[in-house]
Amino acid sequence: MMGLDLDPRAIVISDRLAGVARVVGVTGSKGGIGKSLVATTMALSLADGGAKVGLFDLDFTSPSDHVVLGVDKSFPNEEFGIDPHRVHGIDMMSVAFFSGDAALPLRGDAATSALLELLAITRWGELDVLILDMPPGLGDTNLDVINLLPQVEFLLVGNGSRVVVESVRRALQLFAELKVPMVGLLENMKRGEGAAVADLAKRFDVPYLGAIPYDERVEEALGDVEALRNTDVYATLHQSVGLHLR
Amino acid sequence: MHELALADSVIKAALSAAADAGMDRIERIVVKVGELQQIERDLFEFSLTTVIPKYDARLRDTLFDVVEEKVRFKCRSCGREYGRDDVNIDADGDQGEAVHFIPELSHAFARCPDCGSPDFDITQGRGITLERIEGMDDDDGP
């Protein structure tokens, strides 16, 4: 007899992601710097280019990818697990599909467990890239993803604010220490000619993916993918980040 | 049929644990099923006993025990401990369905019956746990 008291979910994660060629975590060390906008628009851009793309909103307490893409919150189909919703050519999963309009307050352990559950039961199938929209900071979910998904690569979003630059530097320092592969560093909401973000990329020897200019049309485009396709965000991601992921 | 995915994870975890222990045949698998997740027990047992084991010889003739565990919550705000009957999750509606898929969704719907806080720990009875396996090496046979 062998007593185990074992959580069986982690062991099937590699099977569930067996058909996924790349897993890219879009992360940033501060809130409000455009991670969700970058993650969703990047997914849209890659899907428009013919890639098979998945988008997984891991910001469990404040999911917003469905808002950016204008997706209704409805339960996913269930068949030997759960199937992501297919929206605008993207296979998408979010806790918002389950929580509806309710707030979801989660401590770290509960967020870890929710992540494990969704990784264990979601059927992603064959994908060229699965984009993870990470919650801000370097807390539980970012660390869980590093531990649970050894194939993950991170795309770090920052901007030129001194407050953000300082936190981006810390994030780059940690990722280097943990030897996490980096797609690169992307500058968002760029105003002026400052080169602090590009300098950080050079200092940490990660690709600088370019700068998305501050685009006032973005707020109006939220929830409307046709309008989103006409933003500078889409154009920049299509030209620069797409080259690194295609 | 989300139970099939959960059963699949139990089987794979059992096979991995058996391999680590040098066990050539698994005679019994004991699985604990938490009340909160509202697993369809018949469907789960069907998945365990009929669908998955045929894919691996180590699971031939394996017996399965599915043991139910009552859910317990502990409020982080006032310390009250309580059970499933003390919270208003609509078991047959969307709330119950959400908690079935992801038990942590209970934090969106359940509240402490004393102080109303959504800040609680699920101390037992959340979901599925591989409790133990029993088996033998081929060398142990008659």
Side-chain angles (χ1 to χ4, degrees), chain A residues 1-16 18 57-58 60-63 73-84 93-124 140-141 144, chain B residues 1-18 20-23 26-32 37 47 51-52 76 93-111 117-122 126-136:
Chain A
M1 185 172 74
M2 188 177 174
L4 296 166
D5 199 22
L6 181 71
D7 183 337
R9 295 172 294 173
I11 203 162
V12 294
I13 291 173
S14 58
D15 290 351
R16 297 287 181 264
D57 193 342
L58 296 186
F60 294 145
T61 58
S62 302
K73 300 184 290 290
S74 61
F75 276 92
N77 289 329
E78 179 184 12
E79 184 68 40
F80 204 91
I82 52 175
D83 294 331
M93 181 55 67
S94 169
V95 293
F97 299 153
F98 303 93
S99 61
D101 291 330
L104 180 61
L106 291 180
R107 286 180 179 267
D109 287 351
T112 297
S113 188
L115 174 64
L116 269 171
E117 193 77 26
L118 281 166
L119 286 171
I121 64 176
T122 304
R123 304 195 318 159
W124 290 104
D140 297 84
T141 303
D144 286 337
Chain B
M1 296 290 274
H2 150 249
E3 281 78 1
L4 281 165
L6 298 173
D8 186 41
S9 69
V10 167
I11 295 298
K12 288 194 167 75
L15 288 169
S16 175
D20 289 345
M23 204 180 276
I26 303 176
E27 296 178 327
R28 183 181 299 272
I29 295 176
V30 181
V31 185
K32 198 162 61 183
Q37 197 160 22
S47 303
V51 179
I52 298 171
R76 285 257 193 171
D94 285 352
Q95 294 183 0
E97 185 81 345
V99 172
H100 168 62
F101 283 116
I102 311 168
E104 285 67 34
L105 266 291
S106 56
H107 289 273
F109 312 121
R111 297 291 181 264
S117 174
D119 187 10
F120 53 80
D121 291 324
I122 304 165
R126 177 209 167 275
I128 288 178
T129 305
L130 176 57
E131 190 78 351
R132 68 174 191 274
I133 59 174
E134 299 170 11
M136 60 169 54

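Each chain gets a letter, A, B and so on, in the order its sequence line appears, and its residues count up from 1.
Note on B:Glu134, B:Met23, B:Lys32: by heavy-atom pairs under 4.5 Å with chain A, the leading option is B:Glu134. Of the listed residues (B:Ile128, B:Asp119, B:Asp121), the one with the most heavy-atom contacts under 4.5 Å to chain A is B:Asp119. Contact tally against chain A (heavy-atom pairs below 4.5 Å) for B:Ala108, B:Ser9, B:Ala98, B:Ala13: the top residue is B:Ser9. The candidate with the highest count of non-hydrogen atom pairs below 4.5 Å against chain B, out of A:Pro105, A:Ala10, A:Gly3, A:Pro76, is A:Pro105.
Both the backbone and the side chain of A:Ala110 come within less than 4.5 Å of a heavy atom in chain B. With a threshold of 4.5 angstrom between heavy atoms, B:Arg76 approaches chain A through side-chain atoms but not through N, CA, C or O. Residue contact with chain A, scored on non-hydrogen atoms closer than 4.5 Å, involves the backbone and the side chain of B:Asp94 alike. Neither the backbone nor the side chain of A:Arg123 comes within less than 4.5 Å of any heavy atom of chain B. A:Leu118 touches chain B through its side chain: at least one heavy atom from C-beta onward sits under 4.5 Å away, while N, CA, C and O do not. The parts of B:Glu97 that come within reach of chain A are both its backbone and its side chain, each placing non-hydrogen atoms under 4.5 angstrom from that chain. Neither the backbone nor the side chain of B:Ile122 comes within contact range of chain A; no heavy atoms are under 4.5 Å apart. Looking at A:Phe97, neither its backbone nor its side chain comes within 4.5 Å of chain B, counting heavy atoms on both sides. Using a 4.5 Å cut-off between heavy atoms, A:Leu4 touches chain B through backbone and side chain atoms alike.
B:Ser117 pairs by the side-chain hydrogen bond (donor to acceptor under 3.5 Å, both in side chains) definition with nothing, not counting sequence neighbours. Under the side-chain hydrogen bond (donor to acceptor under 3.5 Å, both in side chains) criterion, A:Asp109 pairs with no residue at all, not counting sequence neighbours.
Here CD of B:Gln37 is found 8.5 Å from CD of B:Glu104. Values are rounded to the nearest 0.5 Å. We find the CG-OG distance between A:Asp7 and A:Ser113 to be 6.5 Å, quoted to the nearest 0.5 Å. Atom CD1 in B:Ile11 sits 11.0 Å away from atom CG in B:Leu4 (nearest 0.5 Å). Once rounded to the nearest 0.5 Å, the distance linking NZ of A:Lys73 with OG of A:Ser94 reads 9.5 Å.
Within 6.0 Å of atom CG in B:Asp20, more than 12 heavy atoms from other residues, nucleotides or ligands are found, so the atom counts as buried in its surroundings.
Put simply, the side chain of A:Arg16 gets close to the backbone of A:Ala120: a donor and an acceptor are under 3.5 Å apart.
In this pair, A:Phe98 and A:Phe75 present their aromatic rings perpendicular. The plane angle is above 60°, beyond the 30 to 60° band.
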